[in-house]
Protein chains: 2
Amino acid sequence: MTSSAQAEARRPRRPSGGPESLLDKAVLEFNARGYDATSMEDLSRAAGITKSSFYHHFAGKEALLRAALERALDGLFSALDDPPGVEPAVGPSERLRRIVTRQVRVLMDDLPYVTLLLRVRGNTPTERWALQRRKAYDAEIAALVRAAVDAGEIRAGVDPALAARLLSGLVNSVSEWYRPGRRGTASLPEDVARAIFAGVLPAADPA
Amino acid sequence: MTSSAQAEARRPRRPSGGPESLLDKAVLEFNARGYDATSMEDLSRAAGITKSSFYHHFAGKEALLRAALERALDGLFSALDDPPGVEPAVGPSERLRRIVTRQVRVLMDDLPYVTLLLRVRGNTPTERWALQRRKAYDAEIAALVRAAVDAGEIRAGVDPALAARLLSGLVNSVSEWYRPGRRGTASLPEDVARAIFAGVLPAADPA
DNA sequence: GTCGCCTGACCGATCGTTCGGTCGGAGAGC
DNA sequence: GCTCTCCGACCGAACGATCGGTCAGGCGAC
């Protein structure tokens, strides 16, 4: 670094803020109105530039969607593995508990991106590609649930396929109401995990 | 009935099948592609008539949505009350259990309509109206959850507001994967209720 | 004839996208 | 220090396509 200008040079000359900032704003618009109902003019207005300027940073509307879904999927799959340095879980049930808490955290951190992913319908090749990757993720969860049932860690009579669907539904539903900055959400990942294993409305212990 | 033709006369001269059949087909298209991404031409093609013929039965696209959402909301609210002749539940917890099972049944019976409702974003006055009615429904559920916690029927430490959201999320997630005609879904309403009160993955009893 | 149902042709508006051109800061040459 | 050139960011105008919706009329049953 011969001068500080080298590091500072990343600052854009105009107020757009670069592709990352544009993507952030676009995803918010997509979530507010829905992808199809959001026009390129909506996006450029939210970004403070003209429609044609937007095409200088992104190839088109679908490229924007692709970039957003990619980020969401990467986040999701990162929840499958323990962070480096952590000793592996003892059984499938404990592994599931860790995944659930991590997935909720991903959902909270990348809320707009994951929300967008969860609403994809499959209208375009990009959307179908995302749907397929999401299906692969769900299959991993389902396999773990099956392993936990087979290991005898789960009460007899629970259908693994149904349990896996309800588990995903419960976890993902957080995206429909969680908003960052809410008080009392620091324990949300653990709260959701507790709801999975003990019930959303567990009966009171007989006093 | 002076002749058998009288009963048969309901059969249309042309293949449309009347407003109800049109609404059924339209809702299926809405769910497959999303409301905004579905054009009136898609709808008329699915119904086997031309676009302009469609306007003979419905005032427009939004009227179609309104009729569908109305049906979904009526179904939802019908789950709040016991059917006539049934003695009332003893406590809020038992009342919640009955509502959950009935709501799942409504979801299974009117799957496309409820699915459409659960995806509404609020872009038009009709959508905002539906969102408002749905919010009122959720408030009823939340009040019941609070009552169950206050009555001491739920394990101490459970946050009523969070529990109500997770409950709705778990129940409504059924719409994302349930398809009529699946085997082993006769017990689904009770299975979901069990997951709410005992957990999606309840720990095995120590043998 | 009349009425219910249906049709093809057409409307203005808006869609995602493209294109030619403007603007201003950065770097090179002197 | 002062030009000259370059280039990335930006813009206005317009493209063909498609959108939701309209309209005047045809056709068959009663």
Side-chain angles (χ1 to χ4, degrees), chain A residues 1-23 25-27 29-30 32-68 123-127, chain B residues 1-23 25-27 29-30 32-68 123-127:
Chain A
M1 309 174 191
T2 56
S3 83
S4 67
Q6 186 71 9
E8 283 290 306
R10 294 288 98 226
R11 179 175 46 81
R13 302 180 254 281
R14 300 287 175 89
S16 96
E20 300 139 41
S21 165
L22 290 184
L23 187 58
K25 289 170 184 162
V27 170
E29 292 292 307
F30 285 157
R33 269 180 281 248
Y35 173 73
D36 290 293
T38 305
S39 72
M40 291 298 287
E41 215 156 277
D42 292 331
L43 297 184
S44 49
R45 197 183 311 118
I49 58 179
T50 62
K51 204 166 48 151
S52 43
S53 294
F54 217 107
Y55 282 87
H56 187 71
H57 303 282
F58 283 93
K61 197 181 179 185
E62 198 164 353
L64 216 41
L65 179 65
R66 168 95 185 200
N123 290 339
T124 67
T126 296
E127 295 194 358
Chain B
M1 310 173 191
T2 56
S3 82
S4 67
Q6 185 71 9
E8 284 289 308
R10 292 290 98 227
R11 178 176 48 81
R13 303 179 253 281
R14 300 288 172 90
S16 98
E20 300 137 42
S21 164
L22 290 183
L23 187 57
K25 289 169 183 163
V27 170
E29 292 291 308
F30 285 156
R33 269 180 280 247
Y35 173 75
D36 290 292
T38 305
S39 71
M40 290 300 287
E41 217 156 275
D42 291 331
L43 296 183
S44 48
R45 196 184 312 117
I49 58 179
T50 61
K51 197 169 55 150
S52 40
S53 292
F54 216 107
Y55 282 87
H56 186 73
H57 303 282
F58 283 94
K61 197 183 181 185
E62 198 164 352
L64 215 40
L65 179 64
R66 168 94 187 201
N123 291 338
T124 65
T126 296
E127 296 194 359

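Note that these values count all heavy atoms, side chains included, but never hydrogens, waters or copies made by symmetry. Please read all numbers here as calculations on a predicted model, not as lab measurements.
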Report yes if at least one side-chain N or O of B:His56 is closer than 4.0 Å to OP1 or OP2 of C:dC5; otherwise report no.
yes
Inter- and intrachain pairs under salt bridge (Lys or Arg N to Asp or Glu O under 4.0 Å), touching residues 57-66 of chain A, at least two apart:
A:Arg66-A:Glu70
A:Lys51 meets the salt bridge (Lys or Arg N to Asp or Glu O under 4.0 Å) criterion, sequence neighbours left out, with A:Glu41
Round to the nearest Å and state the distance from [X] atom [atom1] to [N] atom [atom2].
{"X": "A:Leu22", "N": "D:dC10", "atom1": "CG", "atom2": "C1'", "result": "12 Å"}
{"X": "B:Arg45", "N": "C:dT7", "atom1": "CZ", "atom2": "C1'", "result": "16 Å"}
{"X": "A:Tyr55", "N": "D:dA9", "atom1": "OH", "atom2": "P", "result": "18 Å"}
{"X": "B:Glu62", "N": "D:dC19", "atom1": "CD", "atom2": "C1'", "result": "15 Å"}
{"X": "B:Met40", "N": "C:dC15", "atom1": "CE", "atom2": "C1'", "result": "18 Å"}

OG/B:Ser53 to NE2/B:His57 distance, rounded to the nearest 0.5 angstrom?
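Interatomic distance, B:Ser53 OG to B:His57 NE2, rounded to 0.5 Å: 6.5 Å.
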Quick check for you: to the nearest 0.5 Å, what is the distance between B:Asp42 atom CG and B:Lys25 atom NZ?
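Between B:Asp42 CG and B:Lys25 NZ, I get 15.0 Å after rounding to 0.5 Å.
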Side chain of A:His57: nearest nucleotide among C:dT17, D:dG21, D:dC10?
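Nearest listed nucleotide: D:dC10.
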For DNA chain C, whose closest nucleotide is more 5', that of B:Phe54 or that of A:Gly60?
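On the 5' side of the pair lies B:Phe54.
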side-chain contact (heavy atoms from CB on, under 4.5 Å) between A:Phe30 and A:Leu43: does it pass, once the steps are laid out?
CA-CA 9 Å; A:Phe30 285 157; A:Leu43 297 184; 3.9 Å; yes
Footprint string (nucleotides 11-18 of chain D, 5' to 3'): B base within contact, S backbone only, - free, heavy atoms under 4.0 Å
BB-B----
Using a 4.0 Å heavy-atom cut-off, does B:Ser44 contact any base of the nucleic acid, only the sugar-phosphate backbone, or nothing at all?
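Nothing, no nucleic acid heavy atom in range.
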Where A:Leu23 and A:Leu64 come nearest, the two heavy atoms and their spacing:
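Distance-wise, the nearest heavy atoms are CD1-O, 3.6 Å.
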